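Everything below concerns the one structure shown next.
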2 protein chains.
Amino acid sequence: MLLCIFTANACMDLPFDPDQCQPGLSVDCVIFGFHENDLKVLLLKLLQGNEWALPGGFVFLDENLDRAAIRVLHERTGLEKIFLQQFHAFGQVERSPVTHAARLVQEHSLHPGLQSWFEQRFITIGYYALVEYSQVEKPQPDYFSETCAWFPVRGLPHLMLDHQAIIERALQTVRFQLKYQPIGLNLLPEKFTMPELQALYETLLDQKLDRRNFQRKMLSYDVLIRTGEFRQGGAHKAPVLYAFDPVNYEQALRNGFRSVW
Amino acid sequence: MLLCIFTANACMDLPFDPDQCQPGLSVDCVIFGFHENDLKVLLLKLLQGNEWALPGGFVFLDENLDRAAIRVLHERTGLEKIFLQQFHAFGQVERSPVTHAARLVQEHSLHPGLQSWFEQRFITIGYYALVEYSQVEKPQPDYFSETCAWFPVRGLPHLMLDHQAIIERALQTVRFQLKYQPIGLNLLPEKFTMPELQALYETLLDQKLDRRNFQRKMLSYDVLIRTGEFRQGGAHKAPVLYAFDPVNYEQALRNGFRSVW
DNA sequence: ATATCTATGTGTCATAATGACACAATAATA
DNA sequence: TATTATTGTGTCATTATGACACATAGATAT
């Protein structure tokens with residue numbers, strides 16, 4: 001009975017009109033969050049099967065590419081004005097096997113007319129987002145998924161299609177940018193301690209850093225402001241709370257930390 | 001008369017079958033060359049109108065995205081095994097106005113059935129290539145263009161659609177990568193002098209560099225080999241000829257020149 | 001109360017990288 | 001043979017980096 005209701009519903013209330021979408025094109029978002037000294041990625045569990053997937057969606061014909069990514073991010077996390085950056089277009093032929101499409105149509109009891117839509121070859125544009133974990137109140141699954149949850153990047157579940165590779169590449173991009181551009185404004189709360197910032201770097205780089213040299217370097221970049229407050233309640237000496245200087249941070253984002261020439 | 005022949009021809013011998021191409025998707029290549037101490041870009045002059053365009057093409061349904069870019073590059077330059085890198089997906093709605101499509105169909109006297117193909121909204125994936133100018137014997141125009149020529153990046157003609165912006169972004173990407181990764185292997189001849197290498201850097205950065213510090217830094221990267229030969233025939237002291245060390249160069253490409261951490 | 005433990009804040013030193021510059025060597029030309 | 005312009009190499013002060021030591025302050029144990 002339940003299945004019947006679902007079936008009827010599914011055939012009628014598709015959350016998008018394929019005729020209004022750019023054919024063969026999708027966007028996928030690798031949404032990174034930082035929690036308990038661990039880098040997490042937001043994933044969706046598909047309704048059927050035991051696979052997880054990146055939050056993604058199609059691009060409306062009258063919608064800019066970036067806008068589509070922003071929409072997906074907003075629909076899943078409720079967040080707006082987030083650091084979101086395109087990092088790669090994935091266009092291997094093998095990445096959209098017909099078998100996958102057929103399963104989708106069957107399992108969702110979609111109108112057979114939609115089969116051709118899902119059987120298309122898809123190119124996907126990868127975006128990565130850096131969000132503040134605690135600000136994502138209740139991640140929302142989409143039409144094709146039942147749950148939405150954070151996973152540590154070092155312990156990902158089985159992923160749909162080439163989504164594992166997409167995450168790898170996003171991580172690689174973040175790691176590279178970390179070396180030359182500031183990071184943290186979108187991953188950390190407004191006020192944070194130097195050890196917390198260092199933990200973020202160590203997690204992303206997967207490498208221990210010297211506490212004292214790290215602080216010296218970060219301060220030399222001139223993007224941090226000492227708030228004058230301290231994080232109380234810890235088991236030890238109360239560390240200084242810092243905040244990012246928005247102007248200098250933006251400037252460092254544009255120009256990079258230090259030109260070699 | 002000529003028009004008639006052309007018309008008939010055009011309707012029959014389209015160089016691609018739209019049904020075999022990924023809809024609404026193209027690749028565009030920003031092909032950089034270095035000649036007479038100037039950075040050049042390879043452009044195509046459209047058959048009608050006074051506009052120029054980047055070499056580009058459509059993506060066959062059974063063709064990987066990267067492969068399509070390689071094909072375009074090969075068709076225009078005859079070159080293979082070239083440094084070619086995807087750098088951005090351009091997906092603004094306004095970038096493919098219908099007026100442009102209509103003009104294309106009309107001017108090429110294409111079969112009206114093709115009008116819908118060209119009226120689609122297109123997303124294009126931008127690639128940039130670094131090629132050795134002298135190795136491009138005779139650049140070949142494509143089906144929609146009459147000539148193919150190099151232009152200095154500081155003196156570009158009027159360009160189709162958003163191709164100006166695409167070049168800007170490619171240039172920006174190259175400039176950024178220049179700071180952290182080796183460059184030159186694909187832009188310079190096999191053997192080159194230090195002043196020639198410096199000229200490449202100065203052109204790309206649009207900035208004068210100190211001769212002595214430049215040499216010290218380049219040598220410190222350990223990607224250059226002294227061939228032991230000299231460039232003879234110049235008006236002055238014969239400069240040493242260098243070549244790139246393929247192994248170290250590749251490694252530097254992967255890892256970047258110098259990790260900050 | 002006092003000692004202890006541990007994370008945090010700050011400083012020092014040797015080494016390496018960088019920026020600014022000077023002088024010697026050499027090939028063509030006058 | 002002198003001149004000129006370009007290339008090759010070196011020096012020095014300044015700055016950045018890596019490795020490390022010690023002082024400080026909250027919480028807990030005695």
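Note on naming: letters A, B, ... go to the chains in the order of the sequence lines (proteins, then strands), and numbering restarts at 1 for each one. All of these numbers come straight from a predicted model, not from anything done at the bench.
- Although no hydrogens or angles enter the test, the distance criterion places a donor-acceptor pair under 3.5 Å between the side chain of Glu202(B) and the main chain of Leu209(B).
- Looking at heavy atoms from C-beta onward, His88(A) lies out of side-chain contact with Thr173(A) at the 4.5 angstrom threshold.
- The two residues Met218(B) and Leu197(B) have their closest heavy-atom pair at CE-CD2, 3.6 Å.
- Evaluated for a side-chain contact (heavy atoms from CB on, under 4.5 Å) with Asp162(A), the options Arg169(A), Arg95(A), Glu94(A), Glu168(A) yield exactly one hit, Arg95(A).
- In summary, contact between chain B and DNA chain C, defined as any nucleotide atom under 4.0 Å from a heavy atom of the protein, begins and ends at dT18(C) to dA28(C) in the 5' to 3' direction.
- In this structure, His236(B) places its NE2 atom 5 Å from P of dT6(D), rounding to the nearest Å.
- As a whole-Å value, the separation of Lys237(B) NZ from dT6(D) C1' is 9 Å.
- Residue Arg226(A) is in sugar-phosphate contact alone, with no base atom involved, counting any heavy-atom pair closer than 4.0 Å across all strands shown.
- Taking the six-membered ring for Trp and thresholds of 30 and 60 degrees, Tyr180(A) and Tyr180(B) have nearly parallel ring planes, at less than 30 degrees apart.
- Atom CZ in Arg231(B) sits roughly 12 Å away from atom P in dG8(D) (whole-Å rounding).
- Closest non-hydrogen pair, Phe83(B) versus Leu253(B), comes out as CE1-CD1, 4.0 Å.
- Taken residue by residue, residues 201-218 of chain A places heavy atoms nearer than 4.0 Å to DNA chain C at Arg211(A), Arg212(A), Gln215(A), Arg216(A).
- Regarding Phe230(A), its CZ atom lies at a distance of 14 Å from the P atom of dA27(D), rounded to whole Å.
- Every residue was checked against the side chain to side chain donor-acceptor pair (under 3.5 Å) condition with Arg175(B), not counting sequence neighbours, and none meets it.
- Side-chain atoms of Asp66(B) and Tyr127(B) include a donor-acceptor pair closer than 3.5 Å.
- Each of Val240(B) and Ala235(B) has a nearest nucleotide on DNA chain D; the 5'-most of these lies closest to Ala235(B).
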